[in-house]
Number of protein chains: 2
Amino acid sequence: MAAAATSPRARYREQTRTQIKETALAQLAEGGPSAVALTRIAKEIGLSGPALYRYFANRDDLLHALVRDAYDDIATTIRHTATDLPDSPTAALHRLTDAYLDWATTEPHRYLLIQGNPIPGYAAPPDTIRRARAAMGPFVKIFANGRPTHAVQPVVDEMTTWLHQDETAADWLHEYTGLTPDDPNAGCALAGPVLAWSHLHGTAHLEVSGQYTGMGHHARTLLRAQMAMLATAFHLS
Amino acid sequence: MAAAATSPRARYREQTRTQIKETALAQLAEGGPSAVALTRIAKEIGLSGPALYRYFANRDDLLHALVRDAYDDIATTIRHTATDLPDSPTAALHRLTDAYLDWATTEPHRYLLIQGNPIPGYAAPPDTIRRARAAMGPFVKIFANGRPTHAVQPVVDEMTTWLHQDETAADWLHEYTGLTPDDPNAGCALAGPVLAWSHLHGTAHLEVSGQYTGMGHHARTLLRAQMAMLATAFHLS
DNA sequence: CCGAGAGAGTTATAGTGTCTAACAGAGGTG
DNA sequence: CACCTCTGTTAGACACTATAACTCTCTCGG
């Protein structure tokens with residue numbers, strides 16, 4: 001992305017940055033974030049340690065870049081899936097959540113990087129929230145026509161209140177549904193995705209961090225059941 | 001625990017170990033597992049670095065001990081809550097999940113330690129599984145009388161199959177319900193807890209890792225809604 | 001009551017990693 | 001073609017894990 005027709009030097013720079021990130025991803029996959037070591041990366045691509053500081057300000061900056069890439073990647077995946085959804089809201093929901101779980105299981109280390117434990121001392125940049133909401137955008141659309149049962153009504157109420165307090169939330173809602181905070185379905189449109197995210201994350205994270213190992217079920221089966229319950233709770237057809 | 005009437009030396013040793021673990025917990029709370037540094041712990045309690053190796057074989061061994069303690073702690077909390085549950089299964093479920101979420105939010109770093117990202121290179125000891133199942137035991141009891149709807153039936157089926165393949169699972173079921181794998185409700189008794197765990201973990205982990213920050217809802221509200229859906233899906237009264 | 005030995009602590013040292021400083025060469029740009 | 005920025009180097013400060021070798025002290029058995 002953004003390869004652009006820049007100077008040959010800038011082109012080479014971008015290439016080296018990519019190579020560094022690729023090596024970092026390999027180390028991430030092997031031993032988690034703490035295994036990403038600048039000196040080892042440098043050795044692997046034939047550079048001296050301090051040379052990497054020409055490309056990334058420090059170790060955190062490199063991890064930061066990996067986080068950005070991962071968010072872009074999952075958001076792209078979801079949005080791509082969202083371009084061709086079945087008409088049935090329930091089926092569409094299953095399609096989206098399957099895509100999410102698939103991404104998490106094929107890229108476990110990257111999922112843990114962005115949705116796992118907070119990286120100590122690392123404050124997510126403001127645009128991370130934007131990226132995260134972009135990934136959840138298609139879910140908002142699905143629940144915009146839901147009719148919540150009493151089981152989920154309290155969540156709907158809290159979302160409605162939030163929409164009247166936080167402008168960015170209102171913008172988010174508007175972007176994907178055209179609804180305003182005063183619309184009777186506004187809270188519902190956000191309550192569904194938040195619940196879906198919570199379900200999704202629980203299953204994906206337990207699966208990816210290996211805590212289901214030795215138990216006789218598939219994460220997919222669990223997720224399907226959770227989404228079926230959620231669809232029922234919002235009277236999705 | 002296990003203070004015992006041992007020799008004064010052993011008593012002093014145990015005291016020092018505890019002091020080390022307490023300091024480690026403080027560092028864990030400040031900067032996550034990677035901030036737990038033996039040298040800094042030593043300095044803080046007035047020892048020289050290598051002295052700590054008299055008490056813990058290495059850094060992993062210390063983290064290991066923290067994990068054990070945390071599992072014991074949450075299992076004790078759950079079991080204590082389970083000693084005085086309301087008769088209604090739904091109410092009992094809410095009581096248990098509230099206790100779980102409370103523990104997680106009051107001890108966020110410890111929750112992340114045991115239920116967060118896997119610690120690279122750290123293989124959970126076999127008894128960890130036993131401890132984890134002990135914590136979920138009371139949930140098994142609650143779902144033993146459930147009647148699953150079609151939404152969760154696939155999970156029930158997978159659990160039933162598992163129970164016939166894995167003896168430890170059958171033992172676990174038997175310990176808390178007296179049921180055998182052939183009992184028609186056996187799969188249901190395990191499907192409920194696994195789903196509940198997945199729900200619980202999603203909400204607790206997102207809350208504890210700060211990903212709900214800036215969103216206008218309480219984790220508790222979300223959890224209540226999820227458990228209400230789950231109770232409905234199993235026809236709990 | 002005392003002496004051997006286990007246990008608890010020390011310093012010294014090797015190894016790995018982050019990151020800064022100071023310097024050298026190579027490429028692009030006026 | 002001269003300048004200067006960009007890219008790379010080595011040297012070194014600092015933090016942390018871990019081992020080795022050594023000293024001191026307390027406990028316990030005879």
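A, B, ... follow the sequence lines: proteins, then strands. Residue 1 opens every chain.
Distance CG (B:L52) to P (C:dG9): 9 Å, rounded to an integer number of Å. Put simply, CG on A:D61 is 14 Å from P on C:dT18, counting in whole angstrom units. Atom CZ of A:R59 is separated from atom P of D:dA15 by 18 Å (rounded to the nearest Å). In this structure, the CD atom of B:E14 is 15 Å from the P atom of C:dG7, given to the nearest Å. Residue A:N58 contributes atom CG, which lies 14 Å from atom C1' of C:dG17 at whole-angstrom precision. Look at CZ on A:R40: it is 13 Å from C1' on C:dT18, rounded to the nearest Å. Note: NZ (B:K43) to C1' (C:dT10) measures 16 Å, nearest angstrom. The distance from atom CD1 of A:I20 to atom P of D:dT7 is 11 Å, rounded to the nearest whole Å.
Side-chain proximity of A:Y12 to C:dC19, D:dT17, D:dG8: nearest is D:dG8. Checking D:dT7, C:dT18, D:dT10 against every side-chain atom of A:S48, the shortest atom distance belongs to D:dT10.
Applying the side-chain contact (heavy atoms from CB on, under 4.5 Å) criterion to B:T177, with sequence neighbours excluded, gives B:V140, B:A144, B:L173, B:L179.
Residue contacts for B:Y55: at a heavy-atom cut-off of 4.0 Å it reaches the sugar-phosphate backbone alone, with no base atom in range. As judged by a 4.0 angstrom heavy-atom cut-off over every strand, A:A37 is placed among residues touching the sugar-phosphate backbone only.
Side-chain contact, A:R133 with A:T168: a donor N or O sits under 3.5 Å from an acceptor N or O. Side chain to side chain, B:E44 and B:T23 fail the donor-acceptor criterion of an N or O pair below 3.5 Å.
Nearer the 5' end of DNA chain D, as judged by each residue's closest nucleotide, is the contact made by A:A51, out of A:A51 and B:T39.
Proximity of B:R13 to the phosphate of C:dG7: no side-chain N or O atom is located under 4.0 Å from OP1 or OP2.
Annotation: A:H164, atom NE2; neighbour count of heavy atoms from other residues, nucleotides and ligands within 6.0 Å is above 12.
Salt bridge B:D69/B:R110: absent, no basic N to carboxylate O contact under 4.0 Å.
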Seminar exercise, completed: Expected string for nucleotides 20-30 of chain C under the B/S/- scheme (protein heavy atoms, under 4.0 Å, primed atoms plus P, OP1, OP2 as sugar-phosphate) is B-----BBS--

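For the pair A:S198 and B:Y212, the minimum side-chain heavy-atom distance is below 4.5 Å. Residues A:H64 and A:F56 form no side-chain contact, since every pair of their non-hydrogen atoms from C-beta on lies 4.5 Å or further apart.
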